[in-house]
Amino acid sequence: MKKRLRPKKYVLPCLYVALFTSVMLGAFFITKSMRTSGNAVVEEETPNYVSREVISQDVPVINETEKMIKPYNNEGVTVGKSYYDYKSDSSVQEKSITYYDGSYIQNSGIDYVLNETFEVVSVLDGTVTNVKQDDILGTIVEIKHDNNYVTTYQSLSEVSVKKDDTVTQGQVIGKSGTNKLDKDMGNHLHFEVYVNGQVVDPNLYLDKEVKKEQ
């Protein structure tokens, strides 16, 4: 009976090592071939790093407000009748009421008076939205400004702007005059301010800074 040959103990580990080495070499060459297209080697992209400031610190400051000026430039102009404030004393309120055609009317603006005709100016930059003639209030100019501010200039004797005109702050838009509602006041300007469609006391905004749209 012939004796069976048994592999020596060191033979199998050597075979495992050889097999593992072959697998690793095969993976290496496959990876290398994938990085190569024809004769051109595809290089890995190198990230670009920012070497300068992304945000500049030298940003100019933008003026976001402007001061609403008075609607005239003649220093002799005075207030003939103030805005009717329901919170004020009754004695003050009485001076802010107009009697016309059997009715008492609360003053919705400020009336500026002077013995002689004076120039009327726009209190802010804006666009003329209306120029009209009213039988009782006289000639009226309406101007729309930023942030839903609207100003009206009534009782004008002359008008130097027309609808859709763009006006700048301080630009002359007309001259004071008279109307039937306040005929006893004589030569004057009736001035009103509206914010978001609501009439307000002009004194709360005149000579005050108001926000501008960006």
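Applying the salt bridge (Lys or Arg N to Asp or Glu O under 4.0 Å) test to residues at least two apart or on different chains, the pairs with a partner in residues 167-192 are Lys81-Asp182. The list of ring pair (Phe, Tyr, Trp, His ring centres under 6.0 Å) pairs with a residue in residues 155-204, not counting sequence neighbours, reads Tyr153-Phe191. Under the salt bridge (Lys or Arg N to Asp or Glu O under 4.0 Å) criterion, the residue pairs touching residues 197-207 are Lys70-Asp207, with sequence neighbours excluded. Legend: ring pair (Phe, Tyr, Trp, His ring centres under 6.0 Å) pairs involving residues 106-139, not counting sequence neighbours, sorted by first then second residue: Tyr72-Tyr112. Listed by first then second residue, pairs satisfying side-chain hydrogen bond (donor to acceptor under 3.5 Å, both in side chains) with a partner in residues 130-142 read Thr129-Glu142, Gln133-Thr139, not counting sequence neighbours. For residues 83-104, no residue pair satisfies the salt bridge (Lys or Arg N to Asp or Glu O under 4.0 Å) rule, not counting sequence neighbours. Pairs engaging residues 117-131 under the salt bridge (Lys or Arg N to Asp or Glu O under 4.0 Å) rule: none recorded [sequence neighbours left out].
In terms of modelled atom types and a separation under 3.5 Å, the side chain of Asn107 and the main chain of Ile97 share no donor-acceptor contact. A donor-acceptor distance shorter than 3.5 angstrom exists from the side chain of Ser96 to the backbone of Ser82, with no hydrogens or angles considered.
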- Query: Between Asn74 and Leu114, does a side chain to side chain contact (heavy atoms under 4.5 Å, CB included) hold up when you go through it step by step?
  - Reply: CA-CA 9 Å; Asn74 189 318; Leu114 187 65; 3.6 Å; yes

- Task: Begin from the C-alpha positions of Val120 and Leu156 and carry the test side chain to side chain contact (heavy atoms under 4.5 Å, CB included) through to its verdict.
- Result: CA-CA 8 Å; Val120 176; Leu156 301 178; 3.8 Å; yes

- Query: Step by step, would you call Val141 with Val159 a side chain to side chain contact (heavy atoms under 4.5 Å, CB included)?
  - Reply: CA-CA 8 Å; Val141 172; Val159 174; 3.9 Å; yes

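Two different hydrophobic clusters hold Ile140 and Val121 under the rule that ILVMFWY side chains link at heavy-atom gaps under 4.5 Å.
Residues meeting the ring-ring contact (aromatic ring centres under 6.0 Å, His included) test with Tyr84, sequence neighbours left out: none. For Tyr104, the ring-ring contact (aromatic ring centres under 6.0 Å, His included) partners at least two apart in sequence or on another chain are Tyr99. Asp165 meets the side chain to side chain donor-acceptor pair (under 3.5 Å) test with Lys162; sequence neighbours excluded. Not counting sequence neighbours, the partners of Asn196 by the side chain to side chain donor-acceptor pair (under 3.5 Å) test are Asn148.
Remark: of the listed residues Thr151, Thr152, Val123, Val193, Val123 is the sole one forming a side chain to side chain contact (heavy atoms under 4.5 Å, CB included) with Pro71.
Apart from Val113 itself, the hydrophobic cluster it occupies contains Met185, where clustering links Ile, Leu, Val, Met, Phe, Trp and Tyr at side-chain heavy-atom distances under 4.5 Å.
When all heavy atoms of Ser176 and Ser157 are compared, the closest pair comes out as O-OG, 2.6 Å.
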